[in-house]
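These notes concern the structure reproduced below.
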Amino acid sequence: MANKLSLKIITPTRNMFEGEVDMVVMRTKSGDVGILHGHQPMVTILDYGVLTIKNDGEDKQAAVLGGFAEISSEGMSVLTDAAEWSNEIDVVRAEQAKERAEARLKTVQANIDVQRAELSLKRALVRLSLGGRK
Ligand code: ATP
């Protein structure tokens, strides 16, 4: 379709999205980047963050927890280990993950993997930033 971007979002368990859209805003390691049809080819690593699909004046949002995006003349593909649409986010589960990670980070013990706890906290905060929204 003219001036539309072909987008695919793929996780290990499903083809989460496939379609033509106006624009994608994604959280890369160097900040939020907007992608339109005709963007130069690139591969970029995704940070944990909210991905927004803009199409026909509407926004659709998902929490995307890492992975990478490939942009080619064919379109854009996002490959990620974990992603949820905003209405799929289990807020209670994310709250519990946040509390677990915070408790681990408070108890400074030799057997605590600080980086793992920090990453878990960050995933929970991204989910909570989106999951409470209607
Ligand atoms: P938890 O500690 O609650 O398992 P996590 O951050 O370790 O959270 P991930 O490894 O990122 O979980 O994801 C594992 C799977 O569970 C993925 O399929 C992901 O989409 C799903 N998932 C994780 N947390 C939630 C949530 N709060 N709501 C909906 N799905 C979730």
Side-chain angles (χ1 to χ4, degrees):
M1 221 183 288
N3 297 326
K4 292 262 185 179
L5 172 71
S6 293
L7 173 68
K8 280 185 195 167
I9 304 176
I10 298 157
T11 78
T13 54
R14 60 179 170 165
N15 288 335
M16 187 175 175
F17 184 87
E18 184 162 4
E20 309 282 319
V21 305
D22 291 328
M23 186 180 183
V24 176
V25 181
M26 61 184 176
R27 175 68 50 87
T28 72
K29 290 283 182 188
S30 41
D32 280 343
V33 177
I35 307 293
L36 296 163
H37 169 82
H39 192 283
Q40 69 184 41
M42 70 172 189
V43 173
T44 188
I45 295 178
L46 298 177
D47 202 347
Y48 299 158
V50 173
L51 179 144
T52 304
I53 299 172
K54 294 181 174 288
N55 196 41
D56 295 337
E58 289 194 356
D59 285 5
K60 192 169 166 66
Q61 292 192 301
V64 174
L65 296 310
F68 68 90
E70 181 205 32
I71 295 139
S72 72
S73 57
E74 305 289 306
M76 171 170 170
S77 299
V78 172
L79 250 91
T80 179
D81 264 338
E84 302 103 37
W85 297 117
S86 48
N87 63 356
E88 294 173 339
I89 292 171
D90 180 338
V91 174
V92 172
R93 177 173 168 180
E95 283 286 0
Q96 288 168 347
K98 174 174 173 275
E99 279 162 24
R100 251 188 341 264
E102 282 172 342
R104 285 189 181 123
L105 290 168
K106 259 189 224 142
T107 10
V108 185
Q109 284 173 12
N111 63 347
I112 293 289
D113 184 340
V114 172
Q115 197 192 14
R116 189 172 155 195
E118 282 172 351
L119 291 174
S120 171
L121 177 59
K122 202 171 157 186
R123 285 195 299 278
L125 291 175
V126 168
R127 287 176 168 127
L128 290 172
S129 77
L130 195 56
R133 275 189 233 164
K134 283 285 157 266

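Quick caveat: nothing in here was measured; it's all calculated off a predicted structure. Throughout, numbering of the chain's residues begins at 1 and tracks the sequence.
- For Asp90, there are no salt bridge (charged side-chain N to carboxylate O under 4.0 Å, His left out) partners, not counting sequence neighbours.
- Using a 4.5 Å heavy-atom threshold, the side chains of Thr44 and Val33 count as separate.
- Contact record, Val50 with Ser129: CG2-OG, 4.0 Å, taken as the closest heavy-atom pair.
- Side chains of Leu46 and Thr80 form no contact here, defined as non-hydrogen atoms less than 4.5 Å apart.
- Environment of CD1 in Ile45: sparse, with no more than 12 heavy atoms of neighbouring residues, nucleotides or ligands closer than 6.0 Å.
- The shortest side-chain heavy-atom distance between Leu7 and Ile35 does not fall under the 4.5 Å cut-off.
- Of all non-hydrogen atoms in Ala83 and Thr11, the two that sit nearest each other are CB-CG2, 4.1 Å.
- If you chain together hydrophobic residues whose side chains sit under 4.5 Å apart, Met16 and Phe68 never meet in one group.
- Residue pairs that meet the salt bridge (Lys or Arg N to Asp or Glu O under 4.0 Å) test with at least one member in residues 55-73, sequence neighbours left out, are Lys4-Asp56, Lys54-Asp59.
- Here the side chains of Ile53 and Ile9 are in contact, with some heavy-atom distance below 4.5 Å.
- Checked against Glu84 for a salt bridge (charged side-chain N to carboxylate O under 4.0 Å, His left out), the options Arg93, Arg123, Arg127, Arg14 give a single hit: Arg127.
- For the atom pair CG of Leu119 and OH of Tyr48, the computed distance is 4.5 Å after rounding to the nearest 0.5 Å.
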Between Asn15 and Lys8, is a side-chain contact (heavy atoms from CB on, under 4.5 Å) present by the stated rule, with each step listed? CA-CA 7 Å; Asn15 288 335; Lys8 280 185 195 167; over 6 Å; no
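- For the residue pair Ala124 and Ala94, the shortest heavy atom distance occurs at CB-O, 3.5 Å.
- Transitive grouping of hydrophobic side chains (ILVMFWY, heavy atoms separated by less than 4.5 Å) keeps Val78 and Val43 in distinct clusters.
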Quick one: do Leu105 and Val114 satisfy side-chain contact (heavy atoms from CB on, under 4.5 Å)? Show the steps, please. CA-CA 6 Å; Leu105 290 168; Val114 172; 3.9 Å; yes
Determine whether Met76 and Met26 satisfy the following criterion, side-chain contact (heavy atoms from CB on, under 4.5 Å), listing intermediate values before the conclusion. CA-CA 11 Å; Met76 171 170 170; Met26 61 184 176; 3.5 Å; yes
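- Within a 6.0 Å sphere centred on NZ of Lys122, heavy atoms belonging to other residues, nucleotides or ligands number more than 12.
- A single hydrophobic cluster is not seen to contain both Val25 and Val21; linkage of ILVMFWY side chains at heavy-atom distances under 4.5 Å, directly or through other members, places them apart.
- Closest of all the heavy-atom pairs between Ile71 and His39 is CG2-O, 4.0 Å.
- Note on Leu51 and Met23: separate hydrophobic clusters, where clusters join Ile, Leu, Val, Met, Phe, Trp and Tyr whose side-chain heavy atoms are under 4.5 Å apart, directly or indirectly.
- In the displayed structure, Asp81 atom CG is contacted under 6.0 Å by at most 12 heavy atoms of other residues, nucleotides or ligands.
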